[in-house]
Amino acid sequence: MTKPRRILTYGTFDLFHHGHVRLLQRLAALGDQLIVGCSSDEFNALKGKKTVVPYEFRAEVLRACRYVDEVFPEHNWEQKRDDIVKYKADMFAMGGDWEGHFDDLADLCTVKYLPRTEAVSTTELKKRASTRIK
Ligand code: CTP
């Protein structure tokens, strides 16, 4: 297989943590450019996901990450096909919690799921922070 050039991934990336860093590091190593669709606050509200950090700052943190080349807002579930075409992505990749969910995109590019980093998540960090602050 030839090395894919442009990798596309999506996520909320709230309370940016080492699980996020390791996923982005592994994705960046798969290609030449890593492009990240960061869920907007409106889209998270639609998904029932409450974020601590607003989109503007989650995107800023992602842009500051050395593994990330470009960040754009994810507004809905349906935009992925258009984004793959727009960003000329060779690979669409997500963490293993999404295994199988996006296999229908395989007609446009390679679809890959990477194992999650164990024992860390935004949900877990929020829980830990709230019990420590109380
Ligand atoms: N991710 C990962 N390892 C973790 C946590 C997240 O590889 N321990 C990956 C997810 O699989 C996803 C991306 O990071 O591809 C963004 O995940 P996101 O949902 O923003 O992070 P979580 O920590 O899983 O957040 P939450 O607890 O709110 O679901």
Measure the CD-CG distance between Glu78 and Asp83 for me, rounded to the nearest 0.5 Å.
11.5 Å

Donor-acceptor check, side chain of Asp90 to backbone of Arg5, threshold 3.5 angstrom: yes or no?
yes

Look at the side chain of Thr131 and the backbone N and O of Lys127, then say whether any donor-acceptor pair between them is shorter than 3.5 Å.
yes

Treating Ile, Leu, Val, Met, Phe, Trp and Tyr as nodes and any side-chain heavy-atom pair under 4.5 angstrom as an edge, say whether Phe57 and Leu62 lie in one connected cluster.
no

For the residue pair Trp98 and His101, categorise the inter-ring angle as parallel (less than 30°), tilted (30 to 60°) or perpendicular (more than 60°).
perpendicular

Can a salt bridge be assigned to the pair Asp97 and Arg116 using a cut-off of 4.0 Å between side-chain N and carboxylate O?
yes

Tell me whether the count of non-hydrogen atoms from other residues, nucleotides or ligands lying under 6.0 Å of NZ in Lys112 goes above 12.
no

What is the minimum heavy-atom distance between Cys109 and Ala89, and which atoms define it?
CB-O, 3.6 Å

Give a yes or no on whether the backbone of Phe102 and the side-chain of Tyr113 come within a donor-acceptor separation of less than 3.5 Å.
yes

Between Arg81 and Asp107 (salt bridge meaning N to carboxylate O under 4.0 Å), is one present in this structure?
yes

Centroid-to-centroid, Tyr10 to Phe92, below 6.0 Å?
yes

Assess whether atom NZ of Lys47 is packed by more than 12 heavy atoms of other residues, nucleotides or ligands within 6.0 Å.
yes

Can you check whether Tyr87 and Phe72 have ring centres sitting under 6.0 Å from each other?
yes

Do Thr123 and Lys49 pass the side chain to side chain contact (heavy atoms under 4.5 Å, CB included) test, and can you show the C-alpha distance, the side-chain angles, and the key distance before you say yes or no?
CA-CA 10 Å; Thr123 307; Lys49 201 165 189 168; over 6 Å; no

For the rings on Phe43 and His75, is their centre-to-centre separation under 6.0 Å?
no

Do Tyr67 and Leu27 share a hydrophobic cluster (ILVMFWY, side-chain heavy atoms under 4.5 Å, transitive)?
yes

Take Tyr55 and Cys38 through the test side chain to side chain contact (heavy atoms under 4.5 Å, CB included) and record every step on the way to the result.
CA-CA 8 Å; Tyr55 170 80; Cys38 180; 3.7 Å; yes

Student check: side-chain heavy atoms of Lys126 and Val52 closer than 4.5 Å:
yes

Would you check, one step at a time, whether the test side chain to side chain contact (heavy atoms under 4.5 Å, CB included) holds for Val68 with Arg63?
CA-CA 6 Å; Val68 175; Arg63 281 193 196 97; 5.7 Å; no

Do the side chains of Leu30 and Leu34 join up, straight or via other hydrophobic residues, at under 4.5 Å, putting them in one cluster?
yes

Step by step, work out the side chain to side chain donor-acceptor pair (under 3.5 Å) result for Thr51 and Asn44.
CA-CA 8 Å; Thr51 50; Asn44 279 318; 4.7 Å; no

Lys80/Glu74 salt bridge by N-O under 4.0 Å criterion:
yes

With distance as the sole test, does Thr122 use its side chain to make a donor-acceptor pair with the main-chain N or O of Asp14 at under 3.5 Å?
yes

Can you check side chain to side chain contact (heavy atoms under 4.5 Å, CB included) on Leu24 and Thr9, steps first, answer last?
CA-CA 9 Å; Leu24 296 171; Thr9 193; 4.3 Å; yes

Is it the case that one hydrophobic cluster holds both Val36 and Ile84, taking links as side-chain heavy atoms less than 4.5 Å apart, direct or via other members?
no

Approximate separation, where rounding is to 0.5 Å, of Asp69 CG and Gln33 CD:
5.0 Å

Is Leu23 reachable from Leu8 through a run of I, L, V, M, F, W or Y residues, each pair having side-chain heavy atoms under 4.5 Å apart?
no

Hey, what do you get for CE (Met91) to CD1 (Ile7), rounding to the nearest 0.5 Å?
5.0 Å

Polar side-chain atom of Gln25 near backbone of Arg66 as donor-acceptor pair, under 3.5 Å
no

Is a side-chain donor or acceptor of Gln79 paired with a backbone partner of Asn76 at a separation under 3.5 angstrom?
yes

Are any of the side-chain nitrogens in Arg58 or Asp41 under 4.0 Å away from the carboxylate oxygens of its partner?
yes

